[in-house]
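Encoded as structure tokens, the structure appears first; notes follow it.
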There are 2 protein chains.
Amino acid sequence: MMKYKSFDHMDCSLAQTLDVIGERWTLLILRDIFFGVKRFSQFEKSLDIAKNILAVRLNRLVDEGILLKQSSNEGSHPEYKLTDKGLDLQPILLSMTHWGDKHKPNSKGQRLIFVENRTGQPIRTMSVVSKEGKKLNPREVKATLGPGLSDTWPFEPTICQSDF
Amino acid sequence: MMKYKSFDHMDCSLAQTLDVIGERWTLLILRDIFFGVKRFSQFEKSLDIAKNILAVRLNRLVDEGILLKQSSNEGSHPEYKLTDKGLDLQPILLSMTHWGDKHKPNSKGQRLIFVENRTGQPIRTMSVVSKEGKKLNPREVKATLGPGLSDTWPFEPTICQSDF
DNA sequence: AATATATAGTTGCATGATGAAACCAAATTG
DNA sequence: CAATTTGGTTTCATCATGCAACTATATATT
């Protein structure tokens, strides 16, 4: 049984990431975990997802080292929790949440406000920041070739940046 | 013809975002545009995507106001470019790229380095930042209900944050 | 100007992924 | 210890994607 070609073969960090978390439901499952959901039936209810698909997604995330599947005492119902690798996904989820807040808002106002635990102050909107800590617009950023992509750059060298 | 249920009905900013950019190929198309790709045949070659799917994805992005389809002079081949709404996706793409850099690296080193145009200095890794500008760990952040989600919060009030 | 080729799609069909329902064993509850 | 819930697996129908053939228009060549 041949599967859809994965993005895994592409030598691109974005494609690699998508290969792991880009399938339908996966990011919503992760959102739930960030909100404290731990068990199979909770995901099912929260997401209205088919059991078989949920099982496939959870197993994949465990295989990829993003989730840990653990039973408190031997033989009890398993719980899923984020590994450090999984916690590192938070900027992705928050960037997407902020984009939705701005461009697909709820008419009554912001749905969720993410705050710093300690102070209760809202966090900053996710944005691209220069080395010196200045917020940067898309036009102020370009890509340059690193050691990993010596000569295999797929785009014309002159257009590592769009003129938008 | 019934389609897969979209995530559009969920009152969740992340789900809203996924509904627009969460389908297979969409984020890779957007990546290419950020790198300067403009035309149908360029996407085709760069991504090795089927023409019909590419057409569907591009049309959707245009419909959603993320891309603009324009022909320089009347009747010439169209070009696709990012709107401001589309440019706002940059933090999402960069967050995903940085995660891939860290957790699915190329053995020879970083593939691309994103730098500030003006200075040539690499930008900071995307991260969650407090109001005062301090980098925050996942555990230091929690969600609180905004005006948009008055009473309809789907998770138990006590678990707006996972204990990880 | 006429011809050839590339571009930007569209259409129809085969194949892969997802969804719904039935089923089941082990864990938990009463 | 009986009943129910949980955490799945399996099967089959439906939807999405991939592939190849086809087309009309735009661009390049002679």
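Note that the coordinates shown come from a computational prediction; the quantities given were computed from them, not determined experimentally. The chains referred to below are lettered A, B, ... by the order of the sequence lines, with proteins before strands, and numbering in each begins at 1.
Closest approach to the Ile53(A) side chain among dG9(C), dT18(C), dT9(D) is made by dT18(C) (side chain taken as heavy atoms from C-beta onward). Here the side chain of Arg24(B) is nearest to one of dT17(D), dA8(C), dC15(D), namely dT17(D). Nearest nucleotide to the side chain of Pro78(A), out of dA8(C), dG9(C), dG7(D): dG7(D). Which of dA8(C), dG7(D), dG19(C) sits closest to the side chain of Ala50(A) comes down to dG19(C). Comparing dG9(C), dT7(C), dC15(D) against the side chain of Tyr80(B) picks out dG9(C) as the nearest. Side-chain proximity of Ser41(A) to the nucleotides dG8(D), dT17(D), dG7(D) is greatest for dG7(D).
Applying the salt bridge (Lys or Arg N to Asp or Glu O under 4.0 Å) test to Asp101(A) and every residue at least two apart in sequence or in another chain returns nothing. For Pro105(B), there are no side chain to side chain contact (heavy atoms under 4.5 Å, CB included) partners at least two apart in sequence or on another chain. Taking the side-chain hydrogen bond (donor to acceptor under 3.5 Å, both in side chains) definition, one finds that Ser72(A) meets it with Ser76(A), sequence neighbours left out. In this structure, the side chain to side chain contact (heavy atoms under 4.5 Å, CB included) partners of Asn137(B), at least two apart in sequence or on a different chain, are Glu140(B). Scored by the side chain to side chain contact (heavy atoms under 4.5 Å, CB included) test, Gln121(A) finds Thr119(A), Lys131(B), Glu132(B) as partners (sequence neighbours excluded).
Side-chain contact between Gln90(A) and Trp99(B): absent, with no pair of heavy atoms (C-beta onward) separated by less than 4.5 Å. The closest side-chain heavy-atom distance from Phe43(A) to Ile33(A) is below 4.5 Å. Using a 4.5 Å heavy-atom threshold, the side chains of Lys38(A) and Tyr80(A) count as separate. Inter-residue side-chain proximity for Thr144(B) and Leu112(A) is flagged as unmet; no heavy-atom pair is nearer than 4.5 Å. You'll find the side chain of Lys104(B) reaches within 4.5 Å of the side chain of Val20(A), heavy atoms only. At a threshold of 4.5 Å between non-hydrogen side-chain atoms, the residues Ile21(A) and Ile92(A) count as touching.
Lys69(B) has a side-chain polar atom (N or O) that falls below the 4.0 Å cut-off from OP1 or OP2 of dG9(C).
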Atom pairs, N/O to N/O, protein against nucleotides 3-5 of chain C, distance under 3.5 Å?
none

Would you tabulate the pairs of protein nitrogen or oxygen atoms and nucleotide nitrogen or oxygen atoms of nucleotides 1-3 of chain D closer than 3.5 angstrom?
none

Just the table, please: protein N/O against nucleotides 10-13 of chain D N/O, every pair under 3.5 Å.
none

What nitrogen or oxygen pairs link the protein and nucleotides 26-30 of chain C at under 3.5 Å?
unit_1  : atom_1 : unit_2   : atom_2 : d
dA27(C) : OP1    : Gly75(A) : O      : 3.1
dA27(C) : O5'    : Gly75(A) : O      : 3.3

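Axis deviation across the helix from dA1(C)-dT30(D) to dG30(C)-dC1(D) amounts to 30°, comparing end segments of five pairs, rounded to 10 degrees.
When rounded to the nearest whole Å, the span between CG of Leu54(B) and P of dA8(C) equals 10 Å. Arg60(A) has its CZ atom 18 Å from the P atom of dG8(D), to the nearest Å. Regarding Leu47(B), its CG atom lies at a distance of 13 Å from the P atom of dC19(D), rounded to whole Å.
Checking side-chain atoms of Ser71(A) against main-chain N and O of Gly75(A) turns up no donor-acceptor pair under 3.5 Å.
The hydrophobic cluster analysis finds Leu68(B) isolated: no Ile, Leu, Val, Met, Phe, Trp or Tyr side chain comes under 4.5 Å of it, directly or through other members. Apart from Val129(B) itself, the hydrophobic cluster it occupies contains nothing, where clustering links Ile, Leu, Val, Met, Phe, Trp and Tyr at side-chain heavy-atom distances under 4.5 Å.
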